[in-house]
S.K.: 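Have a look at the structure that comes next, please.
Computed from a predicted structure; not experimentally measured.
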Amino acid sequence: MPYMLISTQIRLESGPTNVGDEFSDPAVMSYLGARKTTMLGNNFSEYHVDDPPRLVLDKLEKIGFRMLSMTGVGQTLVWCLHKETDGLITM
């Protein structure tokens, strides 16, 4: 999966950081040390780490992800990252 979104609440810049959804690459989630949780009332799961976003971004850069954009949405900070693939299409 070449695209990834990470986010955190503005008052929680020191963590935790949301690093993926239930369809995220398990190998990347394991590398980040993320835990998969489902909040009561939600019908989807998310991956979280206790690290602040800066450390998560540093780790992702080491495995080839590059930041495409960053924005604030209400009280949430969101980063969009991309990792180049080999260009082969698999089905």
S.K.: Would Val56 and Val49 satisfy side chain to side chain contact (heavy atoms under 4.5 Å, CB included), going step by step from the backbone distance to the final call?
M.R.: CA-CA 8 Å; Val56 173; Val49 295; 3.6 Å; yes
S.K.: Under a 4.5 Å side-chain heavy-atom rule over Ile, Leu, Val, Met, Phe, Trp and Tyr, are Met70 and Ile6 clustered together?
M.R.: yes
S.K.: Just so I know, are the side chains of Lys36 and Glu46 near enough to count as touching, which here means a heavy-atom distance under 4.5 Å?
M.R.: no
S.K.: Looking at Pro52 and Thr17, what are the two nearest heavy atoms and their distance?
M.R.: C-OG1, 3.5 Å
S.K.: Under the side chain to side chain contact (heavy atoms under 4.5 Å, CB included) criterion, do Asp21 and Phe44 qualify, and how do the steps go?
M.R.: CA-CA 8 Å; Asp21 60 23; Phe44 59 91; over 6 Å; no
S.K.: What are the two closest non-hydrogen atoms of Tyr31 and Lys59, and how far apart are they?
M.R.: OH-O, 3.1 Å
S.K.: Return the set of residues passing side chain to side chain contact (heavy atoms under 4.5 Å, CB included) with Ser30 (not counting sequence neighbours), or none when no residue passes.
M.R.: none
S.K.: Kindly work out whether a path of hydrophobic side-chain contacts (I/L/V/M/F/W/Y, heavy atoms less than 4.5 Å apart) joins Leu57 to Phe65.
M.R.: yes
S.K.: Indicate yes or no: does Asp58 engage Arg54 in a salt bridge with an N to O separation below 4.0 Å.
M.R.: yes
S.K.: Considering all heavy atoms of both residues, which atom of Pro53 and which atom of Thr8 are nearest to each other, and what is their separation?
M.R.: CG-CG2, 3.5 Å
S.K.: So which heavy atom on Val19 is nearest to which on Ala34, and how close?
M.R.: CG2-CB, 3.7 Å
S.K.: So do Asn18 and Tyr47 actually touch side chain to side chain, heavy atoms under 4.5 Å?
M.R.: no
S.K.: Who passes side chain to side chain contact (heavy atoms under 4.5 Å, CB included) against Thr76, sequence neighbours left out?
M.R.: Ser7, Gln9, Val78
S.K.: Do Leu81 and Leu68 make a side-chain contact, defined as non-hydrogen atoms from C-beta onward lying under 4.5 Å apart?
M.R.: no
S.K.: Is Leu32 reachable from Leu55 through a run of hydrophobic residues whose side-chain heavy atoms are each under 4.5 Å from the next?
M.R.: no
S.K.: Considering residues at least two apart in sequence or located in another chain, which fulfil the side chain to side chain contact (heavy atoms under 4.5 Å, CB included) criterion with Glu84?
M.R.: His82
S.K.: Decide yes or no for Glu22 and Thr38: does some side-chain heavy atom of the first lie under 4.5 Å from some side-chain heavy atom of the second?
M.R.: no
S.K.: Using side-chain heavy atoms (C-beta onward) and a distance below 4.5 Å, is Met4 in contact with Asp25?
M.R.: no
S.K.: Under a plain distance cut-off of 3.5 Å, with no hydrogens placed, do Thr37 and His48 share a side-chain donor-acceptor pair?
M.R.: yes
S.K.: Is Met67 reachable from Leu77 through a run of I, L, V, M, F, W or Y residues, each pair having side-chain heavy atoms under 4.5 Å apart?
M.R.: yes
S.K.: So, Lys83 side chain and Ile63 main chain: donor-acceptor pair closer than 3.5 Å or not?
M.R.: yes
